[in-house]
Number of protein chains: 2
Amino acid sequence: MATVKFVENPPSPAEDAEQLRKAFVGWGTNEKLIISILAHRSAAHRRLIRQAYAEAYGEDLLVSLDKEISGDFERVVLLWALNPAERDALLANEAARRWNPSNKVLIEIACARSSGQLFAARQAYHARYHKSLEEDVAAHTTGDFRKLLVPLVSVFRYEGEVVNATLAKSEAKILHKKITEKAYSDEELIRIITTRSKAQLNATFNHYHNEFGHPISKDLKSDPKDDFIAALRATIRCITCPEKYFEKVIRLAINKLGTDEGALTRVVTTRAEIDMKNIGEIYLKRNSVPLDRAVDNDTSGDYQSMLLALLGREDA
Amino acid sequence: MATVKFVENPPSPAEDAEQLRKAFVGWGTNEKLIISILAHRSAAHRRLIRQAYAEAYGEDLLVSLDKEISGDFERVVLLWALNPAERDALLANEAARRWNPSNKVLIEIACARSSGQLFAARQAYHARYHKSLEEDVAAHTTGDFRKLLVPLVSVFRYEGEVVNATLAKSEAKILHKKITEKAYSDEELIRIITTRSKAQLNATFNHYHNEFGHPISKDLKSDPKDDFIAALRATIRCITCPEKYFEKVIRLAINKLGTDEGALTRVVTTRAEIDMKNIGEIYLKRNSVPLDRAVDNDTSGDYQSMLLALLGREDA
């Protein structure tokens with residue numbers, strides 16, 4: 001469930017665009033007004049505001065925002081203002097161009113989205129970058145990571161509930177054998193994880209747990225410093241329990257010496273309309289602090305206000 | 001350009017469905033009537049006929065056809081009756097399940113279609129087989145072929161005309177180096193061919209030809225019996241000159257001792273609405289016989305009549 005709260009019967013997109021324009025012109029920018037509008041409109045409505053704004057003022061709303069605001073506040077507002085497919089395309093492009101082995105953003109976009117959402121991001125990628133996502137990922141990665149990431153961002157997984165139990169058993173055995181042999185980048189292991197449907201993989205991982213006594217993600221903790229094993233674990237967690245995965249990303253972002261604003265902003269903007277409420281519940285259980293209070297303590301200013309609004313705090 | 005000729009102002013789908021039903025009932029089947037209707041209706045109209053037929057008679061038209069006709073005639077009528085995405089899904093499924101190294105059907109579907117058409121085939125694959133195309137291809141292939149075919153069927157290539165000339169030069173060099181070293185299944189070679197846009201690859205292959213004195217497809221003829229090299233060549237030809245590729249498939253199908261009806265039927269049904277006219281022109285130039293005459297000489301009966309109708313012969 002979402003955290004962000006949309007006003008019922010919002011003003012027309014044209015009125016919202018006009019208010020935003022007012023927030024930009026004159027001496028100083030009215031950040032409160034920007035937050036009060038954008039943080040309380042759905043993705044569909046935000047898209048209409050951008051259209052209305054471009055028609056009325058001959059400039060993309062995102063360009064105006066870029067001129068008026070800056071820093072972490074700018075980042076959270078810009079990511080939020082994009083529609084989900086464009087946002088994913090932008091995040092994936094940044095991750096591919098500045099790729100490093102510990103970066104999990106491509107895995108999130110490939111595995112914690114529906115097949116249709118991933119495909120929409122690939123379409124948005126064409127429109128925005130005049131290239132395909134997979135060609136950029138393939139060109140910027142090497143070795144085992146390329147073997148894993150290129151199929152992950154290219155797959156169009158079947159989404160029905162049909163599961164083949166015999167296959168789940170035989171593929172659980174293959175996975176166990178490869179992990180036992182520490183053959184983490186084995187072709188068969190990668191084939192199974194990058195092509196099977198999420199329902200089929202859940203059945204396979206359940207069988208793995210039953211048959212071999214440990215969850216597969218636990219068996220992938222042998223070497224916590226190995227980035228490739230960590231990438232495999234992130235893949236499996238984004239497929240089987242994205243909410244737990246995102247709770248951990250937020251927890252590490254907040255607990256860091258100096259908050260990791262990049263990660264915090266990414267998770268809040270990509271999940272606020274999806275499952276942020278569940279992520280918050282898991283966060284509270286795990287940390288004994290409500291997520292909004294943790295964010296409140298760890299951030300400040302307009303950035304803080306925008307995050308809290310997206311997290312659904314009543315007064316934000 | 002297409003060869004197949006559609007009647008202007010065709011009868012309503014319901015009338016066509018009724019006529020087809022008449023062709024099935026009673027003593028014997030009226031094959032001429034089936035051909036006269038189906039071979040002269042567009043894909044969109046054929047889809048409406050199927051809907052109208054199912055509504056009126058409670059049975060899928062394809063099931064009725066399967067009961068009434070058989071052999072090569074059945075195959076050509078059934079493939080033609082399907083809409084293009086479903087037809088590609090069916091052909092790809094057969095090719096994946098009965099895959100062998102000399103089978104080029106997956107390459108045709110992956111490379112001689114637009115990005116949108118390949119994606120539509122992948123969607124149709126989900127609906128029909130409750131699995132993804134890429135998971136079946138990955139599960140039924142091994143080794144170098146898997147390394148090539150899985151990305152080929154998964155890619156969503158950028159389709160704009162934007163070309164990076166510097167990249168074309170550097171990647172032409174990589175391709176030439178790998179081919180000279182006979183490293184045909186090299187990761188970089190496969191990456192380039194399976195992810196770059198068709199416009200970019202054309203620029204790369206042009207540069208290859210200019211810089212190294214031979215077209216790349218010629219440099220891939222070193223060992224004509226090697227199925228993997230043949231697969232690479234087919235991939236490049238389906239990307240750069242699908243019409244020439246299909247002319248050759250038809251030529252070999254007809255020149256065989258005993259026609260290869262499978263290949264002939266596949267090419268005619270998949271290209272009649274697209275570029276069969278151009279394929280026929282290349283055929284005439286290469287063989288000094290018009291394609292329809294060659295097909296006329298090599299086939300017989302209702303199968304022959306259906307093929308000739310799809311090839312646009314006036315009296316068919």
Side-chain angles (χ1 to χ4, degrees), chain A residues 89 96 110 115-116 118-147 149-164 167 170-171 174 187-201, chain B residues 89 96 110 115-116 118-147 149-164 167 170-171 174 187-201:
Chain A
S115 297
L118 172 58
F119 185 69
R122 294 167 75 189
Q123 289 181 298
Y125 203 99
H126 280 204
R128 197 175 175 111
Y129 302 107
H130 307 298
K131 285 187 286 184
S132 73
L133 170 57
E134 54 270 41
E135 86 181 283
D136 274 355
V137 172
H140 289 90
T141 56
T142 52
D144 290 345
F145 282 97
R146 185 195 275 172
K147 278 207 248 172
L149 293 172
V150 175
L152 274 188
V153 301
S154 307
V155 70
F156 179 61
R157 292 186 204 265
Y158 173 63
E159 288 198 315
E161 289 307 309
V162 179
V163 162
N164 180 332
L167 195 67
S170 66
E171 296 196 334
I174 296 175
E187 229 186 85
E188 280 288 281
L189 184 151
I190 288 181
R191 170 186 69 78
I192 293 167
I193 289 175
T194 59
T195 67
R196 294 303 185 193
S197 77
K198 292 182 182 178
Q200 181 69 38
L201 284 173
Chain B
S115 297
L118 172 58
F119 185 69
R122 293 167 76 190
Q123 289 181 297
Y125 204 100
H126 280 203
R128 196 175 175 112
Y129 301 109
H130 306 298
K131 283 187 286 183
S132 73
L133 170 57
E134 54 270 41
E135 85 181 282
D136 274 355
V137 172
H140 288 91
T141 56
T142 52
D144 291 346
F145 282 96
R146 186 195 275 173
K147 278 207 249 171
L149 292 172
V150 174
L152 274 188
V153 300
S154 306
V155 71
F156 179 60
R157 291 186 204 266
Y158 173 63
E159 288 198 316
E161 290 306 310
V162 179
V163 162
N164 180 332
L167 195 68
S170 66
E171 296 196 335
I174 296 175
E187 230 185 83
E188 280 290 281
L189 183 150
I190 288 182
R191 171 186 68 78
I192 294 166
I193 289 176
T194 59
T195 67
R196 294 302 185 194
S197 76
K198 291 182 182 179
Q200 181 70 37
L201 284 173

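This structure is a prediction, so every number in the text was calculated from the model and none was measured. In what follows, chains are A, B, ... by sequence order, proteins preceding strands, each numbered from 1.
When heavy atoms are compared at a cutoff of 4.5 Å, A:Q200 does not approach chain B at all. The contact between B:A139 and chain A is made by backbone and side chain atoms together, counting heavy-atom distances below 4.5 Å. Only the side chain of A:V162 comes within contact range of chain B, judged by heavy atoms closer than 4.5 Å. Proximity to chain A (any heavy atom under 4.5 Å) is restricted, for B:R157, to the backbone atoms N, CA, C and O.
In this structure, B:E159 has no salt bridge (charged side-chain N to carboxylate O under 4.0 Å, His left out) partners at least two apart in sequence or on a different chain.
Listed options A:R146, A:R196, A:E188, A:Q123 were ranked by heavy-atom pairs under 4.5 angstrom with chain B; first place goes to A:R146.
Taking the six-membered ring where the residue is Trp, B:F119 and A:F119 present parallel rings, their angle staying beneath 30° rather than reaching 60°. Taking the six-membered ring where the residue is Trp, A:H126 and B:Y158 present perpendicular rings, their angle passing 60° and hence far from 30°.
Chain A is approached within less than 4.5 Å, heavy atom to heavy atom, by B:H130, B:K131, B:S132, B:E134, B:E135, B:A138 from residues 129-138 of chain B, ordered by number.
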